[in-house]
Amino acid sequence: MKSADYQDVIAPYRGKFRAGVIFGPPGAGKGTIASTLCTHGKMLHCSTGDILRQIPSSSPIKKKLKSYMDRGDFPPDELVLGIWRRYLDGLVSSNQFDPQNQLIVLDGIPRNIHQVEILKQHVDIEWVLSLEIDDVDPIVDRLRKRATIEGRLDDADPDVIKNRFDVYRKQTEPVLAALDPSIIHRVNGLQKPFEVLRDVLQELAPVL
Ligand code: ADP
């Protein structure tokens, strides 16, 4: 190998990532579906909520993030997208993610129109799965249950839950209209978990 060849091997990845997007309100089941789809090795589950929560509480940046997240608001987009990109670069450089052969399944991003614009500089979106929820009462119950299981502050407080739905309606819902309609697949997210999974597989099998 010549030294120029080594540069190809160790240089940071500069191409665009291939991506699928799971879209839906808080508690719609985005994480459950994303992690099930990613049991297939060709896809990598990428949950922004998990990435942000995993940052150690000793880190100064975590205090800033928490002040938004605990209220159900979004931290600044540049900060979130910067952390997200650094996380993926880390997976690439430690050989846990191969962008040439794997697709990332985005769960929790993009969450507003500005994030769509930034994200498009990093990824090519191949498909979008929208988990459609036409009644929020059942998913508020799901969030309360998740609060006990995962100990999430933002799932436990009714005012924070309400704020997250308000933010979703105002900022996140318009994102769907900004994405290419020909790649959007819609599934009723209020069915039983196995029925949701069945419909997701039926919708996505032709594009996976
Ligand atoms: P849910 O979708 O059920 O609200 P998440 O784990 O996806 O749960 O998100 C939890 C919180 O993390 C959000 O309320 C927000 O504060 C923060 N968060 C997650 N993804 C993003 C993002 N793309 N941009 C800004 N904030 C985010």
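In this text the structure is predicted, and so the values were computed from the model without any measurement. Counting convention: from 1, in listed order, for ligands and their atoms alike. Numbering of residues begins at 1 and proceeds along the displayed sequence.
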Salt bridge or not between [X] and [Y]? Use side-chain N to carboxylate O under 4.0 Å.
X      : Y      : value
Asp166 : Lys170 : no
Arg144 : Asp141 : yes
Asp89  : Arg85  : yes
Arg18  : Asp124 : no
Asp107 : Lys30  : no
Asp157 : Arg71  : no

What about [X]: any of its N or O atoms under 3.5 Å from an N or O on ligand 1?
X      : result
Gly108 : yes
Lys30  : yes
Ser47  : no
Arg53  : yes
Thr48  : yes

When you measure from [atom] to every protein heavy atom, which one gives the shortest distance, and what is it?
atom                    : value
atom 24 (N) of ligand 1 : Gln115 NE2, 2.8 Å
atom 26 (N) of ligand 1 : Pro75 CD, 3.3 Å
atom 8 (O) of ligand 1  : Arg152 NH2, 3.2 Å
atom 16 (O) of ligand 1 : Asp73 O, 2.7 Å

Any luck finding a side-chain donor-acceptor pair between Asp199 and Asn188 under 3.5 Å?
-> no

Tell me yes or no: between the side chains of Asp77 and Gln115, is some donor less than 3.5 Å from an acceptor?
-> yes

Pick from His114, Met69, Glu150, Arg164: the one approaching atom 17 (C) of ligand 1 most closely through a non-hydrogen atom | Met69

Of Arg111, Gln171, Lys66, the one whose closest heavy atom lies nearest atom 13 (C) of ligand 1 is Arg111

Do the side chain of Glu150 and the main chain of Ala147 share a donor and acceptor less than 3.5 angstrom apart?
-> no

Interfacing atoms of ligand 1 (cut-off 4.0 Å, heavy-atom, Asp154) = 10 (C)

Ligand-side contact atoms (ligand 1) for residue partner Gly27, heavy atom cut-off under 4.0 Å | 3 (O)

Where on [X] is there a heavy atom closer than 4.0 Å to ligand 1, on the side chain, on the backbone, on both, or on neither?
X      : result
Asp77  : neither
Arg71  : neither
Arg146 : side chain
Leu52  : side chain

Can you establish whether the number of heavy atoms outside Lys62 located under 6.0 Å from its atom NZ is more than 12?
-> yes

NZ of Lys145: more than 12 outside heavy atoms within 6.0 angstrom?
-> no

Does Asp155 have a heavy atom less than 4.0 Å from any atom of ligand 1?
-> no

